[in-house]
Amino acid sequence: MSRGMRVGLFGGSFDPPHDGHLEVSAVALRRLRLHQVWWMVSPRNPLKPHAPSNDLARRVAAARALISDPRIQVTCIEEALGTRTTAAALDRLLPRLAGIRPVWMMGADNLRNFHLWSDWRSIAARIPIAVFNRPSTALAAMSSPAANRFGRARVRPREAGNLAVKPPPAWIFLPSPHIPVSSTDLRAARGLKPTTS
């Protein structure tokens, strides 16, 4: 990796990966002027008690099969680091990215619940955050405790291309994509236990 490279860190269960994940990545590459997006496929999620914990290889393989853009990389970073939360993963990962400009990527549904994440304030204080629209969750996300707590750190949409170089806390809400598909709906269609996604 070259010094100054801009990398989007897109964490999630990816269970299953779908076109919405691809569209978020495409929007991030374009609007945030990123060089790469890393899908950080999580082994488990503390906020999703019914999320699978033993099928990481299947989810990673499915994600890799879906991607054709070489700028999007599928990783098992959290498993390699041995961490259970985003905050812990960033504790270990960010020092290894010296000279790189990382941005944390999340859907609006995650911003809505961000205050429930472990050490959520420290996450926002360490890395710029890009929030992407999710149908029917934008209003709740933008009035969430995290959005209110960091209201003054919100970056205007026209400055999206500079988010990666802004000192945190800094976050932006991007009104696209508008794809209504979700992993939760896809799991439900397959008859699997519902979780939030």
Side-chain angles (χ1 to χ4, degrees), residues 1-14 17-42 63-64 66-75 77-78 86-87 89-90 93-114 117 120-135 137-138 141-142 144 146-147 149-183 197:
M1 293 184 294
S2 304
R3 189 172 184 84
M5 189 174 181
R6 303 178 182 199
V7 177
L9 305 178
F10 191 10
S13 298
F14 296 94
H18 53 70
D19 288 345
H21 296 129
L22 288 176
E23 183 63 19
V24 164
S25 300
V27 170
L29 287 164
R30 183 176 68 253
R31 294 290 309 277
L32 304 180
R33 294 168 51 198
L34 301 179
H35 297 100
Q36 290 185 0
V37 169
W38 296 354
W39 289 12
M40 294 174 55
V41 184
S42 177
R64 288 177 175 157
L66 188 66
I67 293 170
S68 59
D69 189 331
R71 296 174 297 173
I72 304 173
Q73 303 290 320
V74 179
T75 76
I77 290 174
E78 289 185 72
T86 296
L90 292 177
L93 179 61
L94 291 181
R96 304 181 187 195
L97 298 180
I100 304 302
R101 298 287 189 172
V103 173
W104 186 259
M105 296 166 52
M106 67 167 68
D109 54 326
N110 283 315
L111 177 61
R112 178 185 59 194
N113 299 319
F114 191 44
W117 292 26
W120 62 279
R121 292 179 183 85
S122 73
I123 296 171
R126 285 183 290 169
I127 186 170
I129 298 172
V131 180
F132 298 84
N133 184 51
R134 288 290 298 270
T137 62
M142 297 307 288
S144 67
R149 170 65 178 81
F150 291 104
R152 293 186 177 181
R154 186 177 173 191
V155 174
R156 290 171 290 187
R158 69 170 180 262
E159 298 180 85
N162 294 320
L163 179 66
V165 299
K166 289 186 175 294
W171 67 281
I172 192 168
F173 176 81
L174 295 174
S176 57
H178 300 285
I179 296 176
V181 66
S182 75
S183 294
S197 159

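In what follows, every heavy atom counts, from backbone to side chain, and hydrogens, waters and symmetry copies are set aside.
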Checklist outcome for this item: Closest non-hydrogen contact found for Leu32 with Arg6 is O-NH1, 3.8 Å

Item to check | Euclidean distance, Arg134 CZ relative to Asn110 CG, rounded to 0.5 Å | outcome: 8.0 Å

Using side-chain heavy atoms (C-beta onward) and a distance below 4.5 Å, is [X] in contact with [Y]?
X: Val41; Y: Glu78; result: no
X: Leu97; Y: Val7; result: no
X: Trp117; Y: Met106; result: yes
X: Arg101; Y: Pro128; result: no

Next on the checklist: Parallel, tilted or perpendicular: which one describes the rings of Phe10 and Phe14, with boundaries at 30° and 60°?
Outcome noted: perpendicular

Checklist entry - Below 6.0 angstrom between ring centroids: does that apply to Phe150 and Trp171? => result no

Checklist outcome for this item: salt bridge (Lys or Arg N to Asp or Glu O under 4.0 Å) filter on Arg30, not counting sequence neighbours, yields none

Checklist outcome for this item: Sorted by chain and residue number, the salt bridge (Lys or Arg N to Asp or Glu O under 4.0 Å) partners of Arg126 (sequence neighbours excluded) come out as Asp91

Item to check | Whether Arg31 side chain and Pro157 backbone form a donor-acceptor pair below 3.5 Å | outcome: yes

Next on the checklist: Please check this pair: side chain of Thr75 against backbone of Trp39, looking for a donor-acceptor N/O pair closer than 3.5 Å.
Outcome noted: yes

